[in-house]
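Take a look at the structure below.
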Amino acid sequence: MSDSRERMVHAMCAAVDAGDAPAFASWFADDATYVFANDEPLTGRAAITAATAGAAGALPWVRHVVEQVAEVGEDQLFCRFTIETAAPDGKPLALPCVTVIRLAGDRVTDYRVHMDLTPAIGPGAGMQ
């Protein structure tokens, strides 16, 4: 595993945890694709920035606990996280999450998040 790629994943998580959508999106290629769960794909850094900023208000707070970052070939990362937040009733939640990231050099070209936010935000709500 490349230290720079692991640092990238940690920096991306830290940006989301801090509510800094532009810092998160700065890792993406201009024409990158982003898919969160069953939501429609987003294309482009501007759309990713806007969706990330909007999602920041959906949860009272969020903290990514990085459990695994594995390189798959030369251009793909498999990342396993626990997303810590609070349920609507204020009780702590720990949600499992898997993200698959495709890269071109040091830029993310495709980012796919596999998780269920229903316990945190209720049915029918998504990133968009």
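FYI, side chains are in, hydrogens and waters are out, and symmetry mates aren't considered; it's all heavy atoms of this structure.
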For [X], which residues count as a side-chain contact (heavy atoms from CB on, under 4.5 Å) partner, sequence neighbours excluded?
X      : answer
Ala104 : Thr109
Ala21  : Thr49, Thr52, Ala53
Pro96  : none
Ala87  : Asp89, Leu93

Indicate if [X] and [Y] have the same hydrophobic cluster label, given that clusters are the connected sets of ILVMFWY residues with side-chain heavy-atom separations under 4.5 angstrom.
X      : Y      : value
Met115 : Leu59  : yes
Val69  : Leu95  : yes
Val9   : Val100 : no

Residues at least two apart in sequence or cross-chain that pass side chain to side chain donor-acceptor pair (under 3.5 Å) with Asp116, listed by chain then number, are Thr118
Sorted by chain and number, sequence neighbours left out, side chain to side chain donor-acceptor pair (under 3.5 Å) with Thr82 holds for Glu67
What is the minimum heavy-atom distance between [X] and [Y], and which atoms define it?
X      : Y     : value
Ala47  : Leu42 : O-CD1, 4.0 Å
Val108 : Ala32 : O-CB, 3.4 Å
Val35  : Asp39 : CG1-O, 3.7 Å
Asp106 : Met8  : O-SD, 4.4 Å

Taking salt bridge (charged side-chain N to carboxylate O under 4.0 Å, His left out) as the test, write out the residues that go with [X], two or more places apart.
X      : result
Asp75  : Arg102
Asp31  : none
Arg107 : none
Arg7   : none

Contacts satisfying ring pair (Phe, Tyr, Trp, His ring centres under 6.0 Å) that involve residues 85-121 (not counting sequence neighbours) are Phe24-Tyr111, Phe28-Tyr111, Tyr34-Tyr111
Residues pairing under ring pair (Phe, Tyr, Trp, His ring centres under 6.0 Å) where one sits in residues 65-86, two or more places apart or in two chains, turn out to be His64-Phe81
What is the distance from atom [atom1] of [X] to atom [atom2] of [Y], rounded to the nearest 0.5 Å?
X      : Y      : atom1 : atom2 : answer
Cys97  : Leu117 : SG    : CG    : 8.5 Å
Asp110 : Thr43  : CG    : OG1   : 9.5 Å
Arg45  : Ser26  : CZ    : OG    : 7.5 Å

| field | side chain to side chain contact (heavy atoms under 4.5 Å, CB included) between Glu71 and Leu77, worked out | value | CA-CA 5 Å; Glu71 284 184 303; Leu77 301 176; 3.5 Å; yes
Per side chain to side chain contact (heavy atoms under 4.5 Å, CB included), Arg63 is matched among Asp17, Thr85, Ile83 by Asp17
**OP:** State, yes or no, whether a side-chain contact exists between Arg5 and Ile101 at a heavy-atom distance under 4.5 Å.
**Re:** no
Does the side chain of Val66 reach to within under 4.5 Å of the side chain of His10, using non-hydrogen atoms? yes
